[in-house]
Structure formats: structure tokens, C-alpha cells
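Computed over heavy atoms, backbone and side chain alike; hydrogens, waters and symmetry mates excluded.
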Amino acid sequence: MFSRALHKFLVRSQTVKCFSSSTLLSSSVPETRMTTLPNGLRVASENSGLPTCTLGLWIDAGTRYENPSSNGVAHFLEHMIFKGTKNRTQLELELEIENMGAQLNAYTSREQTVYFARAFSHDAEHVVEILSDILQNSTLGNAQITRERDVILREMQEVEANLQEVVFDHLHVAAYGAKAPLGWTILGPVQNINSISRGELKDYINTHYQAPRIVLAAAGGIEHDRLVSYAEKYLSNLPSSSQSRVHLPKCEFVAGEQRVNNPAIPLAHVVLAVEVCGWPSADCVPLMVANTIIGAWDRSQASAGTPLTPLAHSGACHSFQSFNTCYTDTGLWGLHFVCEEANVGKMITETQAEWIRICRDVTEEEVTRAKQLLQTNMLLQLDGTNAVCEDIGRQTLCYGRRIPLDEMQARIELVTCKSVKEVCSQYIYDQPPALAAVGPLSTLPSYSIIRQQMCRF
């Protein structure tokens, strides 16, 4: 997000403390400490002295590192990782977690895979040992792989019933093309789910689960030095080889469209987005402020959302949500809305008009309110050890450190009305958008008209 300091990666086994300069924040927010082991694995934690903690492994590996024939393997592995190891069966693993009163979970995204647990603080070492075991010793039995195919196919059916998820998958195809890894779904196609083998799962682990690409993150009642000792005890054998420098596949923004016209669906789900910068760019912060100006709104919740924009008062949609999705070297900034068929064209036009208004005529008052709301939301999102641990793990992978809250707030405060206009003009005004739409689309304008309207107002 912030270009200079964000690519600093520790190469020595030493502890680094991230201090806050704000007296208020430094007195209320525990410091985030980070240590890098000799094999390259990073240990990052925040000790708040609670009786519980969240610990997890954040891995720089996801759908983007797959190929067409293996698309879905990262997600498949997420399912298989809890099916037993050389040291404990699936039942024994489940009983251990249950007897601790802990919760074990995982998720896969396009650039990251995460395995994490929440437990009592006095069980932290036990949790690290379990995470180490499933990461390094999973059996990946053929019989279990066969059974898990049906589980994933049922999950695919659930995803396909969620039109918001469906339309965002289509957006990634429209934005990056069907041949680019960022254009692929996380679950993968049916044919891959039915054919992924134990060998492919093992190859993915051996290629991507390398120590320099892994962060052991923790939040709650956990002392950093103890956590480091657990990492040294259980994770020091993780490989650190030349394979850890796997090339990040390039994904070019192609600005296409994906339309699935289905009059049987009662409402249209539409996403319009432009390409923006990736995590390391300083432009992320003004884009976050612009995203907050547009905000979100739902007709069924009259008091919900952020009515900083005329879109909230147009009456043309049932709901809308502005978003700013960042990847390593690219990103998508846009709006998802749900509306009746008759209003699809109107919502597209009003969305583009609002975007261009922000490029040209956004006011100081709007920017000030959005900055305040953004800072409030940022703090509210860090409620609980799960959220804090997620923040630590994700930021350490993305930036090489966790950005202190007061530093982030200072960067938000530096955003001005002028900088919002300049950055939005660079990424939005007269730029080709990506479009995805599902549902009754008879009033959706042609792509050429939508493209022309990116500078018409």
C-alpha cells in the first residue's frame, strides 16, 4: 500500500518491534512483534493478555499459482489437510481440537491460503504443534480424496446459488480473461475436481509451502518469545529452497464483459469495475477514501450503509456495495448493485456519473467524512483475536510487516480532496471497465455505450 517501506523483508533471525508514535494508540494497542527464523519463516504476534488466542499459518499460495489443469488444487488441499496425518487420524485430530475447546478452520483465496485456530492461551503450543503436523505430515489418502470430491462439488452448488459470488467470479473473467489465473474460480472446474490426484496435491505442497512464504501469526494472550520458541520447535524443518521464489504469474487487465441473461431470476446482479493498483502502491489510500465516499446501501435496512453519495437516494436499486479489491500487482475498484430489470441501464448510468463526479467535483466535506468513517471502520474491523490475527498475517505477507494503526491513520489523514480527484482521474476517468451481470438484462446497455460513458458526464 505504501511504496517505500512495504517491500522490506527481514533476512536475519532477529526480533523487530513495530512501535506507534501516537500516544493514544500506543497506550491502548499492543505492539506487533516479528521474528524471522533461519529458514525464512516469519513469526508475528500481538499480545493483548486475553485468556484466549488465535494462531494461524498464512501462506503466500492460492489460485493464482495454479495452472489450467490444476485449477482448484489449493482449495482441494484446504479440504484434505484436516483428514489425518502420519501422527493422528482424522478422528483423533477432531477429538483433540474438541477436547481443547478450540476451533480449527481454513480458507483459500486467489493469492493466499490460511490455516488457523482459536483456543485458550495455555493451549497455544498444542495448537502450533497441530498446525505444524497438518502442514507437514498430512496423509492425503486416496480414499479420502475420492470422498472429498463429492463434498467440494456440493460446495460448488452452494456457491452457484449465491448470485453475488457468481457475479464476482464472472467479473474476474471479464477483467483478466479466462486464461489468466486471476480469472479462474477458487474451487476450479468440475473436471479438475473429479481428476485432482494425490500427486498433484503433494506437488503443490512441495512447490509452494516453503518457509519464506509462510507467516505464523497470533493475537490474544500469547507472548511473542514463547511463540517463537514453538515455531523453532515445530516449524524449523519447513523447507527453504530456491523453489520459494516461485514466479508470480502475470495477469493483464483485458476490460471485457460477462453477461448471463436469465429472465427467470427476479433481480439483476451487476458489477462494474476498473483496474487499479496493487497492495504496494501509495494510491491505495485515496482509493480507499473514494470507495468509502460511495459506500454501501440496502433498501431493506434504511439506516444501514453510508449515504454519502447520491446513489443512495436514487431509488433505482435494491442495494449496492462499493469495493476495492487489491492483489499483489493489480486490483479492482468498482460497484456491485442489485436492481429490477427496468432499472439496470439507469443504475449503470448513475454509477458512472457518480464516479466521474468524484473525479471532478468531490467536496472537502465528503472527503473529510469519508476519512473519519474509514478510520472508524478500520478500528471496528479489528474487534476480536480472529480479526487481529488475520490483519497481522495478511499484512505481513503483503507488506513484510504489519502497518501500525497510527501510521495507517496518519496516511489516511494525509489524503486531500485534490489527491482523491487526481488518483480517481488516473484510474477511473476514461478508463475501460470490466462488466459482469447475471439475471434479467434486457435494459443493460451495450459494452460500447458503457465504455463511452466513462468520460461523457
Side-chain angles (χ1 to χ4, degrees), residues 39 41 56-94 97 104-117 129-159 181-216 234-235 237-249 393 397:
N39 65 353
L41 181 134
L57 296 168
W58 268 254
I59 307 172
D60 178 27
T63 307
R64 190 167 183 180
Y65 292 95
E66 299 170 345
N67 58 56
S69 63
S70 70
N71 176 211
V73 68
H75 177 260
F76 205 117
L77 184 57
E78 171 205 318
H79 279 247
M80 290 302 303
I81 209 85
F82 300 133
K83 303 307 178 188
T85 72
K86 298 174 184 176
N87 302 309
R88 42 173 65 91
T89 65
Q90 179 180 349
L91 179 59
E92 289 171 338
L93 173 61
E94 292 171 353
I97 294 296
L104 186 62
N105 214 328
Y107 67 84
T108 307
S109 68
R110 284 180 165 83
E111 289 191 335
Q112 297 178 7
T113 302
V114 179
Y115 305 105
F116 66 100
E129 187 274 325
I130 289 175
L131 291 172
S132 168
D133 191 31
I134 64 175
L135 193 72
Q136 300 178 86
N137 302 311
S138 288
T139 53
L140 307 175
N142 287 321
Q144 294 164 323
I145 290 173
T146 299
R147 287 197 299 270
E148 210 60 27
R149 298 191 202 281
D150 291 334
V151 175
I152 296 174
L153 289 173
R154 287 196 298 272
E155 182 181 346
M156 178 179 285
Q157 291 175 346
E158 294 174 1
V159 170
L182 283 180
W184 302 338
T185 64
I186 293 171
L187 271 64
V190 172
Q191 60 267 30
N192 285 8
I193 295 172
N194 285 325
S195 64
I196 286 173
S197 66
R198 183 177 188 274
E200 287 176 300
L201 295 173
K202 293 291 290 183
D203 286 345
Y204 191 86
I205 291 174
N206 294 334
T207 301
H208 299 291
Y209 285 18
Q210 304 283 323
R213 298 175 64 185
I214 299 175
V215 174
L216 172 62
Y234 299 110
L235 296 165
N237 288 331
L238 280 171
S240 176
S241 70
S242 58
Q243 293 186 34
S244 65
R245 305 303 179 196
V246 174
H247 174 67
L248 180 71
L397 278 186

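In this structure, Ile130 CD1 and Thr85 OG1 are separated by 9.5 Å, a value rounded to the nearest 0.5 Å. Note that OH of Tyr65 and NE2 of His247 are 9.5 Å apart. Values are rounded to the nearest 0.5 Å. Atom OG1 of Thr63 is separated from atom CG of Leu182 by 9.0 Å, given to the nearest 0.5 angstrom. Interatomic distance, Ile134 CD1 to Phe82 CZ, rounded to the nearest 0.5 Å: 4.5 Å. The CE atom of Met80 lies 6.5 Å from the CD atom of Glu148; values are rounded to the nearest 0.5 Å. Annotation: the span from Glu78 atom CD to Thr113 atom OG1 amounts to 7.5 Å, rounded to 0.5 Å.
Residues passing the side chain to side chain donor-acceptor pair (under 3.5 Å) test with Gln136, sequence neighbours excluded: Ser132. Residues passing the side chain to side chain donor-acceptor pair (under 3.5 Å) test with Asp150: none are found, sequence neighbours excluded. Partners of Tyr204 according to the ring-ring contact (aromatic ring centres under 6.0 Å, His included) rule, which considers only residues two or more places apart in sequence or in another chain, are His208. A search for side chain to side chain donor-acceptor pair (under 3.5 Å) contacts involving Ser138 returns nothing, not counting sequence neighbours. Remark: Asn105 engages no residue in a side chain to side chain donor-acceptor pair (under 3.5 Å) (not counting sequence neighbours).
Side-chain contact between Glu155 and His79: present, with at least one pair of heavy atoms (C-beta onward) separated by less than 4.5 Å. Within the 4.5 Å cutoff, no side-chain heavy atoms of Trp184 are placed close to those of Pro189. Between Trp58 and Gln112 the shortest side-chain heavy-atom distance falls below 4.5 Å. Using a 4.5 Å cut-off on side-chain heavy atoms (C-beta onward), Tyr234 and Asp133 make no contact. Contact of the Leu235 side chain with the Ile214 side chain is not registered, since no non-hydrogen atoms from C-beta on lie closer than 4.5 Å. Taking the side chain as every heavy atom from C-beta outward, Asn194 and Leu153 approach each other to under 4.5 Å. Residues Leu140 and Ile81 have side chains not in contact (no heavy-atom distance under 4.5 Å, counting atoms from C-beta outward). Inter-residue side-chain proximity for Leu216 and Leu41 is flagged as met; some heavy-atom pair is nearer than 4.5 Å.
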Q.
Does Ile145 form a side-chain contact (heavy atoms from CB on, under 4.5 Å) with Leu201? I'd like the steps, not just the answer.
A. CA-CA 10 Å; Ile145 290 173; Leu201 295 173; 3.8 Å; yes

(Q) Could you go through Asn67 and Ser70, starting from their C-alpha distance and side-chain angles, then the distance that decides it, and tell me whether this counts as side chain to side chain donor-acceptor pair (under 3.5 Å)? (A) CA-CA 5 Å; Asn67 58 56; Ser70 70; 3.1 Å; yes

(Q) Before you tell me yes or no, could you show the steps for Asn71 and Asn192 under side chain to side chain donor-acceptor pair (under 3.5 Å), namely the whole-Å CA-CA distance, both residues' side-chain angles and the distance that decides it to 0.1 Å? (A) CA-CA 7 Å; Asn71 176 211; Asn192 285 8; 5.0 Å; no

Q | Steps toward side-chain contact (heavy atoms from CB on, under 4.5 Å) verdict (Asp203, Val73) | A | CA-CA 10 Å; Asp203 286 345; Val73 68; over 6 Å; no

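Among all heavy-atom pairs drawn from Leu135 and Ile205, the shortest one is O-CG2, 4.4 Å. Between Pro212 and Pro239 the shortest heavy-atom distance is CD-O, 4.0 Å. Closest heavy-atom contact between Ile193 and Met156: CD1-CE, 3.3 Å. When all heavy atoms of Ala106 and Phe116 are compared, the closest pair comes out as N-CE2, 4.0 Å. Nearest heavy atom pair, residue Leu187 against residue Val159, reads CD2-CG2, 4.4 Å. Contact record, Phe76 with Ile152: CD1-CD1, 3.5 Å, taken as the closest heavy-atom pair.
A salt bridge is absent between Arg88 and Glu94: the closest approach of a Lys/Arg side-chain nitrogen to an acidic carboxylate oxygen does not fall below 4.0 angstrom.
The stretch residues 57-73 participates, sequence neighbours left out, in these salt bridge (charged side-chain N to carboxylate O under 4.0 Å, His left out) pairs: Asp60-Arg213, Arg64-Glu111, Arg64-Asp329.
Put simply, the side chain of Thr146 gets close to the backbone of Asn142: a donor and an acceptor are under 3.5 Å apart. Arg154 places no side-chain N or O within 3.5 Å of a backbone atom of Arg149 that could act as its donor or acceptor partner.
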